[in-house]
Number of protein chains: 2
Amino acid sequence: MSAPPDAAFAALADGTRWKVLVRIGREPASASALARELPVSRQAIVKHLEVLAAAGLVFSQRRGREVVHVAVGERLSALGRDLDRIGQGWDDRLAVLKEAAEGG
Amino acid sequence: MSAPPDAAFAALADGTRWKVLVRIGREPASASALARELPVSRQAIVKHLEVLAAAGLVFSQRRGREVVHVAVGERLSALGRDLDRIGQGWDDRLAVLKEAAEGG
DNA sequence: CCCTGATGCAACCGTGGGGTTGCACAGGAG
DNA sequence: CTCCTGTGCAACCCCACGGTTGCATCAGGG
């Protein structure tokens, strides 16, 4: 199958968002906490978390007056395995093309 | 390792670009040929191919007056394996958090 | 040689998305 | 009760990016 939801890619494509994801993968944190660590406003963080949540990449949990977020690896792993598999298939065709190029 | 592969993600994030990539993964094609198949101009295709090439995801070969492009799976597979691995690590932490949430 | 079709380059356009600021509201800590 | 701090919502800004059009160029085929 070659239909990985580009939505997931879009979620991972942004540098800041990736940092956020990696950070909360290392240890859960609130939006405010993340905003203190990264050079962007809390609102920016919130938006990133929303995108990541929509992509099923983060799990959020209200802890008192805070909302703690943590990265969910399941989706990422699944996506990763898909990519790996897809890439395998491509390389077969690539070999053929390169061969043809060299041969004539 | 959680190296920022956001460059590769950015290349994969766009829907049209992904279609192009999948298409030339199935079989090599020129920009003009792709432009005929997809609902975008040749120039748009060319730009996508440039982005993909910059990400090391396509291999281009001049064949007479045409330039044939084909998808390279190697990078994609490597990226996929990275994602899988990273995701694994996250899920460990996630388990801890969820446990704490349920426990109190 | 001449016509056709593929590529290359450049200018231009519109939208989306990342980022910000401001403000109102809620819930602990003292 | 009263601060302090974390969240939520909304309006707004700006630039990168996907896409287009136009034109010049180059390589094969008849």
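Below, all heavy atoms of this structure are taken into account, side chains as well, without hydrogens, waters or symmetry copies. Each chain gets a letter, A, B and so on, in the order the sequences are listed, and its residues count up from 1.
- For the helix from C:dC1-D:dG30 to C:dG30-D:dC1, the rotation axes defined at the first and last 5 base pairs enclose an angle of 30°, given to the nearest 10°.
- The closest donor-acceptor contact from the side chain of B:Asp91 to the backbone of A:Glu74 lies under 3.5 Å.
- At the heavy-atom level, A:Ala31 lies under 4.0 Å from the strands shown only through sugar-phosphate atoms.
- Using a 4.5 Å cut-off on side-chain heavy atoms (C-beta onward), B:Ser30 and B:Val67 make no contact.
- Atom-to-atom distance recorded for B:Leu21:CG and B:His69:NE2 is 12.5 Å, nearest 0.5 angstrom.
- In this structure, CZ of A:Phe9 is placed 18 Å from P of D:dC17, rounded to the nearest angstrom.
- Looking at heavy atoms from C-beta onward, B:Val58 lies out of side-chain contact with B:Val20 at the 4.5 angstrom threshold.
- Here NZ of B:Lys19 is found 10.0 Å from NE2 of B:His48. Values are rounded to the nearest 0.5 Å.
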Practice problem: Evaluate the criterion side chain to side chain contact (heavy atoms under 4.5 Å, CB included) for residue pair A:Asp84 and A:Arg81; output intermediate values, then yes/no. | Solution: CA-CA 5 Å; A:Asp84 188 15; A:Arg81 285 190 293 273; 5.5 Å; no
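- Here the C1' atom of nucleotide D:dG8 and the CD1 atom of A:Ile45 are 16 Å apart, to the nearest Å.
- Protein atom CD of B:Gln61 is 14 Å distant from nucleotide atom P of C:dT7, rounded to whole Å.
- The residue A:Val51 sits apart from the nucleic acid: no heavy atom pair falls under 4.0 Å.
- Here the P atom of nucleotide D:dG18 and the CG atom of B:Leu49 are 13 Å apart, to the nearest Å.
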Practice problem: Summarise protein proximity over nucleotides 19-30 of chain C in one line of letters, 5' to 3': B for base, S for sugar-phosphate only, - for none, counting protein heavy atoms closer than 4.0 Å. | Solution: BBBB----BS--
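- B:Leu21 places its CG atom 14 Å from the P atom of D:dG18, with the value rounded to the nearest Å.
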Exercise. May I have the step-by-step check of side chain to side chain contact (heavy atoms under 4.5 Å, CB included) for B:Val72 and A:Trp90, ending in yes or no?
Key: CA-CA 6 Å; B:Val72 175; A:Trp90 291 352; over 6 Å; no
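- Between A:Ser32 and D:dT5, a side-chain N or O to OP1/OP2 separation shorter than 4.0 Å is absent.
- Note: the hydrophobic cluster containing A:Val51 does not contain A:Leu79 (ILVMFWY, side chain heavy atoms under 4.5 Å, direct or indirect links).
- Atom CZ of A:Arg36 is separated from atom C1' of D:dG6 by 9 Å (rounded to the nearest Å).
- Annotation: the span from A:Leu12 atom CG to A:Leu76 atom CG amounts to 6.0 Å, rounded to 0.5 Å.
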